Structures are given as structure tokens and as C-alpha cells.
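Numbering of residues begins at 1 and proceeds along the displayed sequence. Each ligand, and each atom within it, is numbered from 1 in the order the structure gives. Owing to the predicted nature of the structure, the values given are computational and were not obtained by experimental measurement. Only this structure's heavy atoms are used, side chains among them; waters, hydrogens and symmetry mates stay out.
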Amino acid sequence: MNKLTINDLDLRGKRVFIRVDFNVPLKDGVITDDTRVRETLPTLRLAIQKGGRLVLASHLGRPKGGPDPKYSLAPVAKKLQELLERTVGFANDCVGADAEAKSKALGEGGVLLLENVRFHPEEEKNDEAFSKQLAALCDNVFVCDAFGSAHRAHASVVGITRFVKQAAAGLLMEKELAYLGKAVTNPARPFAAILGGAKVSDKIEVVENLMKIADTMLIGGGMAYTFEKAQGLPIGKSLVENDKIDLAKRLLVDAKVKDFKFLLPADHVIAPELKPDAKATICDVSATPADQMGLDIGPKTIAAYAAEIAKAKTIVWNGPMGVFEMPAFAKGTLEIAKAVAAATTAGATSIVGGGDSVAAVHQSGVANKISHISTGGGASLEFLAGRKLPGVEALTNKS
Ligand code: AMP
């Protein structure tokens, strides 16, 4: 990477502003999954070891542009204190007198977490004056470890970099970029891309870009039906984006011309309605009745996809193969998770991104077998679509 990383920084005695992604799920003020907090620990420990005075900032949820106790980071400060095994201070606003005084009072290795940056609408507007106020809380040095926010040009991710001397990637950011970067620039082959989820429109640029890079594309989930319809297959009441049929046709022709292996489900699990107790049956995609909808990939498709996955040396997966939230339609996604894990054990590099696919590898009990579970679903999709991430672009180039 041609950007500064935390390893390049001299932090002794300096207040370092670290943008983390502590956007954790909360239920009644209790953190239900602390993965995102744990993932930043190596960066925080390194900054402490380097003698920095740590000022941490994050967003949490989507408060409507003002303070809202429901989205307070206070419970995260407690959790972080427990995980770091050291005192973590908390400022009740991310800018202003309290944050300034507490940041100045930090000793070497001290840690302060600021309140949710999204309590200020200026955060999402990448406002200059607000960015400057954030930067005033550090001694000219900024570290971004919030990969999950790197696709957003917000003040605490991008704006602040204009008001510091050094803006560097944290260890988590570096790791995310290393895995994704290798997959798109220098992948071990064959490279299988697995894409699923509800909509083609969300992932169309990823499909287009990965068709230039990968060797095989395995499509599942609701997005498959727009392609099936484009091929003239009956799709019944399945999810479809009619305004994307022409685009799907063009991609299918493209794949044919380039001799690109573009696989679509051959069979699927269908039901008359999207309900957990709906009567589920299996049929070939060519035999879908008009009054049924496809809600998961079928056994022939699982076998065909698993065979492709087993051959792969690089695997990128984003999006479920069906409505995996309902047990009747979860098998396809869980079996794909197992196939990706098995291929990884056999030597492939696997990268799984997106909340649902990440949940599926956990649900299948194979998360520890995956090479890299991305902490940023949206950011990893933007990266795979070939777009530059503003939060990475804004970091200081290595001289
Ligand atoms: P996305 O956010 O685009 O990755 O989509 C994830 C959602 O797609 C999940 O909530 C799944 O339940 C849903 N999904 C997957 N397959 C289907 C399908 N065949 N029909 C309807 N929804 C689906």
C-alpha cells in the first residue's frame, strides 16, 4: 500500500485521533455483538505501546442529526475498557469544551472515546469547520481504522485529514485492504466470486467489475431471478427487477462472448409465499409454477456451486443464496458457507463480506475457517466494484 500506516508513525506523547468503527448492534443499551470493537484492539494496543494519547471517534446507528441517548457510545466505552483492561474515558460530545479538556488531560497510553460523531449533521456533510474542530483534538496525527466507513466521505473519515499533518491507516484497515487488494489485483486462480442477496441493482457494478477479474461467478438469492427472466425462464412470483432485465441480458451475452463461467441456479426451493411455515418444495428453474416464488437454491445448484468453490484458490462471497433468515430457506446459504470453509482448509483464500453472509458463516460454525471476514459490507462491495474509497484516498501517501 502506498499510504502511511500506523507503523510509520511516531506517536510518543502525541494525541492521536483514531477513527474506529464501533457501529455495534445494541439491544436495550447492551452490545449484542462486540466483533467490531475487538477487531480494532490490535491498532489501539499498538498506539498505546507507541506512547500515544488516544482520542477515539465513531458513529453508531443513524441518529437524526442530533443527540439521541439510544445511539450513545457510552456502553461501548465500558466494553472497550473491559477488553483493553485499562481506563477508557468518555466525552459526552465529540467536539467542544468537554472533549478538548479530556483529550488534553490524557497521559501517554491514555484512552478517550468521544460521543457519536453523527450527533452532528455536519459529520455526514463532511463540513469543513466541524472537521477542523475534530482535528483540534489531536496533535496533527490521524489514524483511520474504520474500514466499514471508508466508502463515506464524512468529516471524521475524510474532512479531518485536511487539517492534520499525517493521516495513516490502522492495522484493521491495512488488513482489509490487503485481502481485498490482492483479490482484485493479483488473485490466486481460479477465482470464484459468489454473489447473492435481494437485488441485482445493488451489486450490478460488482458483477461487471468481477467479470473482468474473476474466473467464475456464482449467482444466488433474489438477484438470480432477474437473470433467469432475462433468459426467458419462468420465475413465477419470485423477486425480479424488470428495469434491469436488459442489463442482465447484456451481461449474459458478455459472459458468453468472453467464455466467462457465469453460473445461475439450476433448481430452487419454492413456496407460494414468503412465510416461515409456507409449504416449501424443490423444482428445476425451468419448471417454476406461476403461483410460486423461489426462496433458496436447490440441491443440484448447491452441488454445482460447491464443486466450483472446491476448485477455487480465491473466493469472494457477498450476499445470501436465499431467505436464510427463515430455516426453511437457509440451507443453500449455510451449505455454501461450509463449501467456502472447506475450500479454505484445502488452501484457498476466502473473503466473506456483508452482514448476511458473515452471519451465515457464524451460523454454520465455520467462521474460524474463513481467511478474512470483512468488517465492512458496503465498503467491501464498493472496493470490489472497482471504486476508490474516499476514506483511503484521503490518507497520506508514503513519500
Ligand atoms: P442484500 O442486502 O441485497 O444482500 O440482501 C439480503 C436479503 O436478501 C436477505 O434479507 C434475504 O432474505 C434476501 N433474499 C435472498 N434471497 C431471496 C429470494 N430468493 N427472494 C427474496 N429475498 C431474498
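By heavy-atom distance, the residue among Gly355, Gly221, Gly322 lying nearest atom 14 (N) of ligand 1 is Gly322.
Close approach of ligand 1 to Asp356 is summarised as follows: ligand atoms under 4.0 Å from at least one heavy atom of the residue are 6 (C), 7 (C), 9 (C). The distance from ligand 1 to the heavy atoms of Gly294 drops below 4.0 Å at these ligand atoms: 18 (C), 19 (N), 20 (N).
For atom 4 (O) of ligand 1, the closest non-hydrogen atom on the protein side is Lys203 NZ, 3.1 Å. Closest to atom 3 (O) of ligand 1 among all protein heavy atoms lies Ala198 N, 3.1 Å. The shortest contact between atom 10 (O) of ligand 1 and any protein heavy atom is with Glu325 OE2, 2.4 Å. Of all protein heavy atoms, the one closest to atom 17 (C) of ligand 1 is Gly222 N, 3.3 Å. Nearest protein heavy-atom neighbour of atom 22 (N) of ligand 1: Val323 CG2, 3.6 Å.
Checked against the 6.0 Å centroid threshold, Tyr225 and His268 count as a close aromatic pair.
Salt bridge present: Arg12 and Glu108 bring a charged side-chain N and a carboxylate O closer than 4.0 Å. Ionic pairing of Glu39 and Arg36 is not present here: no N-O contact between side-chain nitrogen and carboxylate oxygen is shorter than 4.0 angstrom. Remark: Glu208 engages Arg250 in a salt bridge, criterion side-chain N to carboxylate O under 4.0 Å. With salt bridges taken as basic N to acidic carboxylate O contacts below 4.0 Å, none links Lys125 and Glu122.
Taking the six-membered ring for Trp and thresholds of 30 and 60 degrees, Phe142 and Phe17 have ring planes inclined between 30 and 60 degrees apart.
Residues His372 and Glu176 bring a donor and an acceptor atom of their side chains to less than 3.5 Å of each other.
Under a 4.0 Å heavy-atom criterion, Met223 is not in contact with ligand 1.
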